[in-house]
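Values below: all heavy atoms of this structure, side chains included; hydrogens, waters and symmetry mates excluded.
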Amino acid sequence: MNGSTTSRRAMISAVLAAVTVTATGCGSPQAAGNGSGSSAPIDVGVVYAQSGPLAGYGAQYAEGFKAGLAYATGGTGKIGERPVSVTWTDDAGDPVKAVSAAKDLIGKGCKVLAGSTSSGVAVQVAPLAAQNKVLFVSGPAATDAVTGANKYTFRSGRQSYQDVLAARAFLGTGKKVLVFAPDSAFGKSNVEAVKKVLGGAGATVTDLAVPATATDFTPFANQVKAAAPDLVFVAWAGTTAAAMWRALDQQGVLASSKVVTGLDLRASWPGFGAGGEKLNLLAHYFDGATDNAAYQALKAAVPGGRTDLFHPDGFAAAQMIVHALQSSPDDTDKMVAALEGFSFDSVKGKLTVRAEDHALLQPMFQARLTGTGDALSATSTGTITAKDAAPPVTAMKG
């Protein structure tokens, strides 16, 4: 272990010791708002999927957030002399639980909320931010609806439209596109984005909305094969992905059409099965996609030293929150103003919060998989610049 790695790990350990982590809620509204002394804690509430089908995503987000907080505060875990007190709350990917938890945190004095692993959760929590004038930095939730939701809502990850822009280069001269996605907020967001981007480029776009609870995908795979599209855009996440890919491969979809999908977290890669190398992959992120100071800090903090899909979202969220709190730990409108137009270097490279609608402009990647089983590796085949992956500006809704 070299000296720089040792020092980075020491910094991470120091901030984890310095940050107060609770499970019961933020401090009282009076303590949070009255600035009773320069060392008064600053409360941040994180509502995310600690359990449930998206728990793997949530775990990466949380690890990234802790590393990003250490990085952004220089290892102190403080804004000035005030320690950041983080409350971690599990929503299990359930919007009802998330809304209840967010209301509880707001009632206990939190002026900053983060998290939202699920798109369905994010669109329910965002209105609470506007109603209560608290800062909300959504996490891995990819629905486009988060962008422009209201002046108090931001995002630390990519959105579905950016995925589709990364996929556009794979279309080539094809004109017939089919979107294979779950019948959910996440799926519908992808369908809408594909219709806008590829449909707007002259392609004919249809979609197959699959029940999110489906476990037998053979009938749906047969429908895709019968449609004979030039390009199949697959948007899927969760524990049923392996069964879905197996069905698409067994029914000949991967051999008969160009199939494009997003590269999920690494543990899911073996789920692509024998057809993994046939896929054209768009990537929000994968380990080794970049190499910069933020990546090295994250790598030093993550167990095993291998970063994954949603580590950068948590890392960027912490950077954004620290920047906002440095402007004013207690005035939410000043936090919002500080984030609008904010550009910063993060794990994926240069990120920019677009002032008009709070879209997070960022590079995207194209990749291929090689190898089998645990030896699978992703190799970048192209980078889409933040400018080329920028979604259209959305009118701010509130």
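Closest non-hydrogen pair, Ala102 versus Val125, comes out as CB-CG1, 4.3 Å. Nearest heavy-atom pair across Ala98 and Val121 is CB-CG1, 3.4 Å. For the residue pair Gly202 and Lys175, the shortest heavy atom distance occurs at O-CD, 3.9 Å. Nearest heavy atom pair, residue Leu263 against residue Ala378, reads CD2-CB, 3.9 Å. In terms of heavy-atom proximity, Ala214 sits nearest to Thr240 at O-CG2, 3.8 Å. The two residues Ala318 and Ala72 have their closest heavy-atom pair at O-CB, 4.5 Å.
Tyr295 OH to Tyr285 OH: the interatomic distance, rounded to the nearest 0.5 Å, is 5.5 Å. In this structure, the separation between CZ on Phe233 and OG1 on Thr261 is 7.0 Å, given to the nearest 0.5 Å. With rounding to the nearest 0.5 angstrom, the OG1 atom of Thr153 is 8.5 Å from the NE2 atom of His358. In this structure, Leu325 CG and Asp331 CG are separated by 11.5 Å, a value rounded to the nearest 0.5 Å. Between atom OH of residue Tyr48 and atom CG of residue Asp90 there is a gap of 7.0 Å, rounded to the nearest 0.5 Å. Atom CZ of Phe272 and atom CG of Leu254 lie 10.0 Å apart (nearest 0.5 Å).
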Can you check side chain to side chain donor-acceptor pair (under 3.5 Å) on Asp264 and Tyr57, steps first, answer last? CA-CA 10 Å; Asp264 205 344; Tyr57 302 150; 2.8 Å; yes

Before you tell me yes or no, could you show the steps for His311 and Asp287 under side chain to side chain donor-acceptor pair (under 3.5 Å), namely the whole-Å CA-CA distance, both residues' side-chain angles and the distance that decides it to 0.1 Å? CA-CA 10 Å; His311 282 122; Asp287 189 48; over 6 Å; no

For side chain to side chain donor-acceptor pair (under 3.5 Å), just list the numbers for Ser156 and Asp313, CA-CA rounded to whole Å, side-chain angles, deciding distance to a tenth of an Å, and then say yes or no. CA-CA 5 Å; Ser156 64; Asp313 292 16; 5.3 Å; no

The test is side-chain contact (heavy atoms from CB on, under 4.5 Å); show your working for Leu351 and Phe342 and say whether it passes. CA-CA 8 Å; Leu351 309 183; Phe342 177 44; over 6 Å; no

Are Lys195 and Asp207 close enough, and set up right, to give a salt bridge (Lys or Arg N to Asp or Glu O under 4.0 Å), and what steps lead you there? CA-CA 9 Å; Lys195 287 182 175 179; Asp207 66 277; 3.6 Å; yes

Give the C-alpha distance, both sets of side-chain angles, the deciding distance and a yes or no for side-chain contact (heavy atoms from CB on, under 4.5 Å) between Val260 and Leu279. CA-CA 6 Å; Val260 176; Leu279 297 173; over 6 Å; no

Apply side chain to side chain donor-acceptor pair (under 3.5 Å) to residues Thr147 and Arg155 and explain how you reach the verdict. CA-CA 7 Å; Thr147 295; Arg155 68 190 318 143; 2.8 Å; yes

Check the pair Leu128, Val99 against side-chain contact (heavy atoms from CB on, under 4.5 Å), reporting the backbone distance first and the verdict last. CA-CA 8 Å; Leu128 293 177; Val99 168; 3.9 Å; yes

Apply side-chain contact (heavy atoms from CB on, under 4.5 Å) to the pair Leu339 and Leu135, showing each step before the final yes or no. CA-CA 10 Å; Leu339 286 177; Leu135 179 68; 3.9 Å; yes

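Of the possible polar contacts, one joining the Lys348 side chain to the His284 backbone as a donor-acceptor pair under 3.5 Å is found. Proximity of a side-chain donor or acceptor of Ser268 to a complementary backbone N or O of Gly271 within less than 3.5 Å is not detected. The closest donor-acceptor contact from the side chain of Glu340 to the backbone of Glu356 lies at 3.5 Å or more, if one exists at all. No donor-acceptor pair closer than 3.5 Å links the side chain of Thr218 to the backbone N or O of Ala247. Of the possible polar contacts, none joining the Asn190 side chain to the Ser160 backbone as a donor-acceptor pair under 3.5 Å is found. Ser184 places a side-chain N or O within donor-acceptor distance of the main-chain N or O of Gly187, the cut-off being under 3.5 Å. With hydrogens and angles disregarded, no donor-acceptor distance shorter than 3.5 Å links the side chain of Ser327 to the backbone of Ala338. A donor-acceptor pair under 3.5 Å is formed between the side chain of Asp144 and the backbone N or O of Tyr161. Side-chain atoms of Arg82 come within 3.5 Å of backbone atoms of Ala40 as a donor-acceptor pair (strictly under, hydrogens ignored). The closest donor-acceptor contact from the side chain of Gln251 to the backbone of Val224 lies at 3.5 Å or more, if one exists at all.
Looking at heavy atoms from C-beta onward, Thr370 lies out of side-chain contact with Leu376 at the 4.5 angstrom threshold. You'll find the side chain of Phe220 reaches within 4.5 Å of the side chain of Pro211, heavy atoms only. At least one side-chain heavy atom of Ser85 sits under 4.5 Å from a side-chain heavy atom of Asp43. Here the side chains of Leu171 and Lys258 are not in contact, with every heavy-atom distance at 4.5 Å or above. Between Leu281 and Gln366, the closest side-chain pair of non-hydrogen atoms is not below 4.5 Å. Looking at Val253 and Trp245, their side chains never come closer than 4.5 Å, going by heavy atoms from C-beta outward. Using a 4.5 Å cut-off on side-chain heavy atoms (C-beta onward), Met320 and Val353 make contact. Using a 4.5 Å heavy-atom threshold, the side chains of Met364 and Leu165 count as separate.
Aromatic ring centres of Phe217 and Trp236 lie closer together than 6.0 Å.
Of the candidates Phe65, Tyr71, Tyr61, Phe315 forms a ring pair (Phe, Tyr, Trp, His ring centres under 6.0 Å) with just one, namely Tyr71. Each of Ser116, Ser119, Ser118 was scored for a side-chain contact (heavy atoms from CB on, under 4.5 Å) with Thr143, with one residue passing: Ser119.
Leu208 and Phe186 end up in different hydrophobic clusters when Ile, Leu, Val, Met, Phe, Trp and Tyr side chains are linked at under 4.5 Å. Taken together through direct or relayed side-chain contacts under 4.5 Å among Ile, Leu, Val, Met, Phe, Trp and Tyr, Leu298 and Leu265 form parts of separate hydrophobic clusters. Both Val46 and Val322 are members of a single hydrophobic cluster when ILVMFWY side chains are connected at heavy-atom separations under 4.5 Å. Put simply, Leu231 and Phe180 are part of two different groups of oily side chains (I, L, V, M, F, W, Y) that touch within less than 4.5 Å, one to the next. Residues Phe170 and Ile384 fall into different hydrophobic clusters, defined by Ile, Leu, Val, Met, Phe, Trp and Tyr side chains chained together at heavy-atom separations under 4.5 Å.
Between Arg168 and Asp163 there is no salt bridge, since no side-chain nitrogen of the basic residue lies less than 4.0 Å from a carboxylate oxygen of the acidic one. Comment: Asp230 does not engage Lys176 in a salt bridge, judged by the lack of any side-chain N to carboxylate O separation of less than 4.0 angstrom. Between Lys188 and Asp183, at least one side-chain N (NZ, or NE/NH1/NH2) sits under 4.0 Å from a carboxylate O, which counts as a salt bridge. The residues Asp249 and Lys278 are annotated as salt-bridged, a charged nitrogen and a carboxylate oxygen being separated by less than 4.0 angstrom. Taking 4.0 Å as the cut-off between side-chain N and carboxylate O, Lys151 and Asp333 count as a salt-bridged pair.
Within a 6.0 Å radius of NZ in Lys397, other residues, nucleotides and ligands contribute more than 12 heavy atoms.
A side-chain N or O of Thr352 and one of Ser343 form a donor-acceptor pair less than 3.5 Å apart.
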